[in-house]
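Working notes for the structure below.
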Amino acid sequence: MSAEVISLGCRMNLAEGERIRALLGDESDTVVINSCAVTAEAARQTRQAIRRARRARPDARLLVTGCAAEIDRSDIGAMSEVDGIVANAAKLDPRAWNAPSARTIPVPRHTRAFLAVQNGCDHACTFCVIPQGRGASRSIPVPQVLHELERELASGAGEVVLTGVDLTSWGNDLAGHPRLGDLVTAILSTFPSLPRLRLSSLDGIEIDPLLEDLLVSEPRIMPHIHLSLQHGDDLILKRMKRRHSRSDAVSLVERLKRRRPEIAIGADLIAGFPTENEAHHAANLSIVRELGVVHGHVFPYSPRPGTPAARMPQVARAAVKARAGELRAAVADVRREWLDRQIGRPLLVLAEADGTGYAENFARARLPAGTPRGAIVPITPTSIEEGLLA
C-alpha cells in the first residue's frame, strides 16, 4: 500500500503534510500522523488518529511528527501503535524518511496553494505551547519564497496563501530585518500575473506600515484578514502576555475598513481563559460585533502542561464550554448579517473541486454544476443556502 499522511491542526501542518507525502513516494507502506498540540482537545485528537490509523493499516509503519510529537513525546512514544517519532524540526528533511536527498518534491495541483514562509515563534504567550513544538522563529529568505511560489503557479494554483506560525514576524531573523510588507512587495512585483494573494493569521500589532498600505490598496491581495486577537478584554490580554490592547485592534480594523470597506475580518478568540469573569467575557462578546468578525475561530481554553496560564486560577469547565458557545453564536449572528449584505453584490469566486469556492472576502459560494476547478467565476448571489451564497 502507498504512503499516507494524516495532518491535524493548522494550515502550516497541511502544507507540510503534502511535502512529507511527496518525500515518502509511492512505494512506502507508511502512515504518518502529522500531529497538533495547540489545545488539550487537539492532543486528544492526535492520539485518537494514531489508534484509528493503526486499526486501518495494521501492517504499515506508523510514524508521528508535528507539535504533539515534541510536546507529548514520552506519552506518544509509549503508545503501542507507534513505531517511531520524527522530530518536528526534521520533518521536511528527506533523511528523516529515508528518502533520496536529491529527490525533487513535486508540487501537487491545488486550487489554493499554502506557502509556508515562516516557522516557530519567539513570543511567550502564557497559554501557548507552540514555541515548545516549533522552536524559535525562522524566516524563509525572499529568493527561496519566490522559487517555491513560481513552482506553485506553474502547477496551476489560482491563489497563493502565505502561512506561518507567527507570519508577521517574518524577516526578524534575516539580514537587514525586512518586514512582511517587503516580502509581499517582492512577490507582487516578481509575479505580475499572480491572480490572488491571501495572508493567513496576522498579529495585528506587528503589521508594518507597508503591509497595511498593501492590504488596502493592492487588488491582488484579497480583502480578508484573520487576526490573532485572542480576547477582547485588556486585563485578560495582559494576563495572556499579548502585546496589543483592545483599542489597538479596534483602531487597526477602523483604519483598514476606512480605506477598503469590503475587507472581511476573521479572528481567533479564546473563551474561559483563567481568571476570566463575566465582565471579561462580556468584553470578549462585544468585540465580535465592534470589529465585525465574520470568520471566527473560537477555542475553549484548555490548560497546556508547562505554560504559565495552567498555574493560574481556572474557570470551571462548564462555564468555559458555555462561554465558547456564546462566542460562536455571536460570530454566527454577525456572519449571517454579513452574508445577507453579499446578496446582489458581484463577487469573483475561485472554484474548488466540490462545486463550491471562495470569494475574494472568503465568503463561500455554491457554483453552477460543471464549473471547472481553478476557474475564477463571476457571480452575483441571490440567496443563502445552507450557509453558502448561491
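Side chains included, hydrogens not; waters and symmetry mates left out as well; all remaining heavy atoms used. Since the structure is predicted, the reported quantities are computational estimates derived from the model, not experimental observations.
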Please determine whether side-chain hydrogen bond (donor to acceptor under 3.5 Å, both in side chains) holds for the pair Arg151 and Ser155, giving the CA-CA distance in whole Å, both sets of side-chain angles, and the decisive distance to 0.1 Å. CA-CA 6 Å; Arg151 294 171 64 216; Ser155 75; over 6 Å; no
Parallel, tilted or perpendicular, judged at 30° and 60°: which one describes the rings of Phe299 and His297?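 Rings of Phe299 and His297: perpendicular, over 60°.
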Quick one: do [X] and [Y] make a salt bridge, cutoff under 4.0 Å?
{"X": "Arg57", "Y": "Asp29", "value": "yes"}
{"X": "Asp83", "Y": "Arg54", "value": "yes"}
{"X": "Arg196", "Y": "Glu360", "value": "no"}
{"X": "Glu41", "Y": "Arg44", "value": "yes"}
{"X": "Glu70", "Y": "Arg134", "value": "no"}
{"X": "Arg260", "Y": "Glu218", "value": "no"}
{"X": "Glu352", "Y": "Arg373", "value": "no"}

Is there side-chain contact between [X] and [Y], with at least one heavy-atom pair below 4.5 Å?
{"X": "Val349", "Y": "Ile376", "value": "no"}
{"X": "Phe127", "Y": "Lys241", "value": "no"}
{"X": "Tyr358", "Y": "His224", "value": "no"}
{"X": "Arg21", "Y": "Ser2", "value": "yes"}
{"X": "Pro303", "Y": "Gln314", "value": "yes"}
{"X": "Glu159", "Y": "Thr111", "value": "no"}
{"X": "Leu8", "Y": "Asn34", "value": "no"}
{"X": "Ile140", "Y": "Leu115", "value": "no"}

Distance, nearest 0.5 Å, that separates [atom1] of [X] from [atom2] of [Y]:
{"X": "Ile6", "Y": "Gln45", "atom1": "CD1", "atom2": "CD", "result": "13.0 Å"}
{"X": "Thr190", "Y": "Leu153", "atom1": "OG1", "atom2": "CG", "result": "11.0 Å"}
{"X": "Leu211", "Y": "Arg179", "atom1": "CG", "atom2": "CZ", "result": "9.0 Å"}
{"X": "Leu347", "Y": "Glu262", "atom1": "CG", "atom2": "CD", "result": "10.5 Å"}
{"X": "Ile384", "Y": "Gln342", "atom1": "CD1", "atom2": "CD", "result": "8.5 Å"}
{"X": "Cys67", "Y": "Asn88", "atom1": "SG", "atom2": "CG", "result": "5.0 Å"}

Spell out, yes or no, whether [X] and [Y] are grouped together once hydrophobic residues are joined by side-chain heavy atoms under 4.5 Å, including indirect joins.
{"X": "Leu194", "Y": "Leu167", "answer": "yes"}
{"X": "Val377", "Y": "Leu350", "answer": "no"}
{"X": "Ile130", "Y": "Val64", "answer": "no"}
{"X": "Val165", "Y": "Leu227", "answer": "no"}
{"X": "Val216", "Y": "Ile265", "answer": "yes"}

Assess whether salt bridge (Lys or Arg N to Asp or Glu O under 4.0 Å) is satisfied between Glu254 and Arg259, documenting all intermediate values. CA-CA 9 Å; Glu254 286 178 346; Arg259 296 182 61 191; over 6 Å; no
Going by distance alone, is a donor N or O of one side chain under 3.5 Å from an acceptor N or O of the other, for Asp248 and Ser245?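 Side chains of Asp248 and Ser245: pair found under 3.5 Å.
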With distance as the sole test, does Arg304 use its side chain to make a donor-acceptor pair with the main-chain N or O of Cys128 at under 3.5 Å?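 Judged by distance alone, no pair lies under 3.5 Å.
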Strictly distance-based, threshold 3.5 Å: is any side-chain N or O of Ser217 a donor or acceptor partner for the main-chain N or O of Asp213?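 Checked: pair present.
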Could you report the tightest heavy-atom contact between [X] and [Y], atom names first, then the distance?
{"X": "Ala69", "Y": "Ile85", "value": "CB-CG2, 3.8 Å"}
{"X": "Ser169", "Y": "Ser139", "value": "O-OG, 4.2 Å"}
{"X": "Thr307", "Y": "Thr126", "value": "CB-O, 3.2 Å"}
{"X": "Ala249", "Y": "Leu291", "value": "O-CD2, 3.9 Å"}
{"X": "Ala53", "Y": "Leu62", "value": "CB-CD1, 3.9 Å"}
{"X": "Gln118", "Y": "Asp166", "value": "OE1-N, 2.7 Å"}

Check each of Arg242, Glu276, Arg239 against His231 using the side chain to side chain donor-acceptor pair (under 3.5 Å) test, and report the only one that passes.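 The passing option is Glu276.
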Could you check Arg11 against Val161 for side chain to side chain contact (heavy atoms under 4.5 Å, CB included), going step by step and ending with a plain yes or no? CA-CA 10 Å; Arg11 290 172 176 172; Val161 185; 4.3 Å; yes
Trp170/His177 under ring-ring contact (aromatic ring centres under 6.0 Å, His included): CA gap, chis, key distance, verdict: CA-CA 9 Å; Trp170 180 90; His177 306 293; over 10 Å; no
Stepwise, does the side chain to side chain contact (heavy atoms under 4.5 Å, CB included) test hold for Ile221 with Leu188? CA-CA 9 Å; Ile221 298 178; Leu188 294 171; 4.2 Å; yes
Worked verdict on Thr65 versus Ile20 for side chain to side chain contact (heavy atoms under 4.5 Å, CB included): CA-CA 10 Å; Thr65 190; Ile20 294 168; 4.2 Å; yes
With side-chain hydrogen bond (donor to acceptor under 3.5 Å, both in side chains) as the criterion, how do His226 and Asp268 come out once you've worked through the C-alpha distance, each side chain's angles and the decisive distance to 0.1 Å? CA-CA 8 Å; His226 191 92; Asp268 296 327; 2.8 Å; yes
Mind running side-chain hydrogen bond (donor to acceptor under 3.5 Å, both in side chains) on Asn277 and His280 for me, showing each step along the way? CA-CA 5 Å; Asn277 60 29; His280 302 145; 3.2 Å; yes
Mind running side chain to side chain contact (heavy atoms under 4.5 Å, CB included) on Trp338 and Asn361 for me, showing each step along the way? CA-CA 11 Å; Trp338 173 71; Asn361 58 15; 3.5 Å; yes
Passes side-chain hydrogen bond (donor to acceptor under 3.5 Å, both in side chains), Thr356 versus Arg366? Steps please. CA-CA 4 Å; Thr356 70; Arg366 182 173 286 114; over 6 Å; no
Check the pair Arg243, Glu206 against salt bridge (Lys or Arg N to Asp or Glu O under 4.0 Å), reporting the backbone distance first and the verdict last. CA-CA 9 Å; Arg243 290 162 301 134; Glu206 286 188 325; 3.4 Å; yes
Does the salt bridge (Lys or Arg N to Asp or Glu O under 4.0 Å) test come out yes or no for Asp233 and Lys238, once each step is laid out? CA-CA 9 Å; Asp233 182 86; Lys238 189 173 293 187; over 6 Å; no
